[in-house]
Each structure stands twice: as structure tokens, then as C-alpha cells.
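The structure under discussion appears below in the form of C-alpha cells.
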Amino acid sequence: MRTLTMEAFAKINLWLTVGEKRPDGYHDIETVMQRVSLSDLVSVTRNPDPEGEKIAVHCSDPSLPTDGRNIVWKCAEAFFRRFGIEKYDVFIDIEKHIPQAAGLAGGSADGAAVLLMLNQLCRIRAGRDALCSVGAEVGADIPFCLMGNRYLCRGKGEILTPVHVSSSVSQHAPIYSCAAVIVKSPALSVSTGEAYRMLDEIPPSPEDAEMRKAGLEALLREIRAGEIPRTLYNDFERAAPEGVSALKERLRALGALSVLMSGSGPSVYGLFRRLHDAEAARDRLRTEGEDAWAVRFR
Ligand code: ATP
């Protein structure tokens, strides 16, 4: 038996616009995703002498499925299929810290970690591109989770372009010490499918339409210049549950420089100049009954 263990990191969306629905049912999106330091801990144990086809999953969060509905299971199955492995026996253990169905890609992060570990455990030596192609079969955010850090993602999310800070920018630039507070109010929940349906029905306001035209370039300029991103935008805020805008206001009142809902929500985050400032805001929000985390960009 050999076991590998890896952290699986959450993401936040700094930018997210949703385009037309495609014939395959997915929507085209344009998003800037940023990996953050909130993580699950995922282990994979492989029996080197498998007799048949066996995947077993354990998860510390009992509300998550541990059968074929779990994203890690789907990823393992897709991996064995792609690389022609007919006999396998793996046990996957997930210590869950990333809130689920929160717009933070926790399931995709777990799935990506499993692909990376199976690649090593089974000595397949597939490159990232091949793993991304397996991951994209299971979920649109998995290719990003395999690559990490910060990418502009297009298509259904699988066409990735890195977004770097310019090499001429000092290592002391604000973006390098920037931190985020993520808030997932226990009172709020979102169904991603429902959120997409609502978006198709609610057209963007004139201000949103303006932002959708010029905002992405402004955000990319801020990042390249090493600034703390200020021009944040998410189409899903149009379909956000009541309570999201109050949380954003609360984050602003606690000193966040910019705020946005992540993914299809309902998590909301605020960006702060330093981790210390973010931790102070997180502590206040926790005393107010919210689930909150202070994280770094990773
Ligand atoms: P995204 O930002 O990519 O839309 P999300 O953060 O909204 O993702 P996830 O936490 O990744 O959502 O999970 C969405 C659904 O997938 C959950 O409702 C859950 O039932 C299911 N799921 C399956 N496997 C997992 C897993 N390992 N971790 C979390 N959710 C999982």
C-alpha cells in the first residue's frame, strides 16, 4: 500500500462573466480565478495488487456523498478510463474544510488533487495538459485547480491563460501581501443550476453592461501593475440571494478595499491590504455568527 496526501486549495473569482448557453448545455464564461490558502486535505491510498475495480471514499463531512456522485470518485474513474487501467483498488480520504456548494470550487479542488496523486501513484507521468483534459470531462473548474495560482479562464472554463504580475514590479508590491476574508453565511444557499437559469432571465443593468465591456482589461492592468485588484465583477451577483449585498457592505465597513461574490455564490469575499487586517475582520464576522476565513493568495 502506498499513500500520498495533498492540500486541495479553494479559489475565488476576481472576474466572472457568463455568455451564451452552448449546444452541450454549458455556458461560455470568462473568468479570472485566484487560488487561495483555504484548503481540504486529500489522501489517496493505492493497493498495488488490485483484483478488480474498486474505489472507496471517506469524507469528514457526512453530508457529502461518498459514492459515484463524489467528484473525487468521478475523477478517479475518468483517470483509470483515460489511461487504460483496468484493475484498480484505491481509497480516497477527504478532510473537508472548504465549505461546499459555496462558489469556492472545493469539490473541483479535491478532484484535481486526486488526479495529481493518481498520476504519481500509478506512475503514468501524464503532463498537466493531459490531466486537464481528463479533469475537464468531470468539471469545468478542475483544469484551473490543476494549474493553480491565477488564470484567465475561457470556454466553459478549460481554456487557461496565466495572469502574471509584470516582472518589472517590485516584490514588495501590494498584491504580494494582499489577503482576503471569505464569508459564507450559514443562512444563505445557492443552487448553481438555478443561478444560471436566473441569469438567462435577468439582463445586465446599463452599469453592468459598461463594466462587462471595459472592466476585465482594467482588472488585468491592476494585477500586472502589482496593485490590489479593485475592478472586480461577477455576473452572478444579478441572481444572488438576498443578504449577499448586506454582507458585501459589512466587509466594506470592516475595511475591505474591494468586495465581490465568488462563483455562483453565496460566498462573498473582501480584499485587504495585509493578512493582519483580514484576520481582524474575520474575527469580527465570527462574533456576528458568520462563517469566515482569512486567506492569502497562493
Ligand atoms: P464551483 O465554484 O466550482 O461552482 P462550488 O464551490 O459551488 O463549486 P462544490 O463545493 O465544488 O461547489 O460542490 C458542488 C456540489 O458537488 C456539492 O453540492 C456536493 O454535493 C457535490 N460534491 C461532490 N463531491 C464533492 C466534494 N469532494 N467536495 C464538495 N462537494 C462535492
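Because the structure is predicted, anything quoted here is derived from the model rather than measured. Counting starts at 1 for both ligands and their atoms, following the listed order.
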Legend entry - Pair Glu288 + Arg250, salt bridge at N-O below 4.0 Å: yes
Inset, instruction - Kindly indicate whether the side chain of Tyr176, heavy atoms from C-beta on, has any atom under 4.5 Å from the side chain of Arg296. - result: no
Inset, instruction - Considering heavy atoms of the protein only, find what lies nearest to atom 11 (O) of ligand 1 and give residue, atom and distance to 0.1 Å. - result: Gly107 N, 2.8 Å
Legend entry - Ligand-side contact atoms (ligand 1) for residue partner Gln100, heavy atom cut-off under 4.0 Å: 10 (O), 17 (C), 18 (O), 19 (C), 20 (O)
Legend entry - Parallel, tilted or perpendicular: ring planes of Tyr88 versus Phe80, cut at 30 and 60 degrees: parallel
Inset, instruction - With heavy atoms only and a cut-off of under 4.0 Å, state how Arg69 meets ligand 1: side chain, backbone, both or neither. - result: backbone
Legend entry - Contact (N/O only, under 3.5 Å) between Pro65 and ligand 1: no
Inset, instruction - Return the residue, atom name and 0.1 Å-rounded distance of the protein heavy atom closest to atom 19 (C) of ligand 1. - result: Leu64 CD2, 3.6 Å
Legend entry - Any Gly263 heavy atom less than 4.0 Å to ligand 1: no
Legend entry - Selected option - heavy-atom contact closest to atom 16 (O) of ligand 1, from Thr192, Ile71, Ile92: Ile71
Inset, instruction - Please write down residue, atom name and distance for the protein heavy atom closest to atom 29 (C) of ligand 1. - result: Lys96 NZ, 3.4 Å
Inset, instruction - Kindly check if the number of other-residue, nucleotide or ligand heavy atoms within 6.0 Å of CG (Asp67) is above 12? - result: yes
Inset, instruction - Would you tell me which option among Ala101, Cys75, Gly111, Cys59 has the nearest heavy-atom contact to atom 13 (O) of ligand 1? - result: Ala101
Legend entry - Side chain, backbone, both or neither: the part of Asp40 lying under 4.0 Å from ligand 1 by heavy atom: neither
Inset, instruction - Classify the contact between Asp110 and ligand 1 as side chain, backbone, both or neither, using a heavy-atom distance cut-off of under 4.0 Å. - result: side chain
Legend entry - Atom pair CD1/CZ of Ile12 and Arg35 - distance to nearest 0.5 Å: 12.5 Å
Inset, instruction - Measure the acute angle between the ring planes of Trp15 and Tyr233, then classify it against the limits of 30° and 60° as parallel, tilted or perpendicular. - result: tilted
Inset, instruction - Specify the protein heavy atom at minimum distance from atom 5 (P) of ligand 1: its residue, its atom name, and the distance to 0.1 Å. - result: Gly103 N, 3.5 Å
Legend entry - Identity and separation of the nearest protein heavy atom to atom 25 (C) of ligand 1: Asn70 OD1, 3.8 Å
Legend entry - Over all atoms of both residues, closest heavy-atom pair of Arg82 and Ala130: NH1-O, 4.2 Å
Legend entry - Which of the ligand 1 atoms, numbered from 1, are nearer than 4.0 Å to a heavy atom of Leu104: 2 (O), 6 (O)
Legend entry - Neighbour count >12 (heavy atoms, 6.0 Å) for atom CZ, Arg125: no
Legend entry - Arg252 and Glu249 ion-paired at < 4.0 Å: yes
Legend entry - For Asp141, the ligand 1 atoms whose distance to one of its heavy atoms is below 4.0 Å: 1 (P), 2 (O), 3 (O)
Inset, instruction - Mark up the atoms of ligand 1 that fall under 4.0 Å of a heavy atom belonging to Lys11, in ascending order. - result: 2 (O)
Inset, instruction - I would like to know whether Val259 and Leu247 meet side chain to side chain contact (heavy atoms under 4.5 Å, CB included); could you show each step before the answer? - result: CA-CA 9 Å; Val259 295; Leu247 270 184; over 6 Å; no
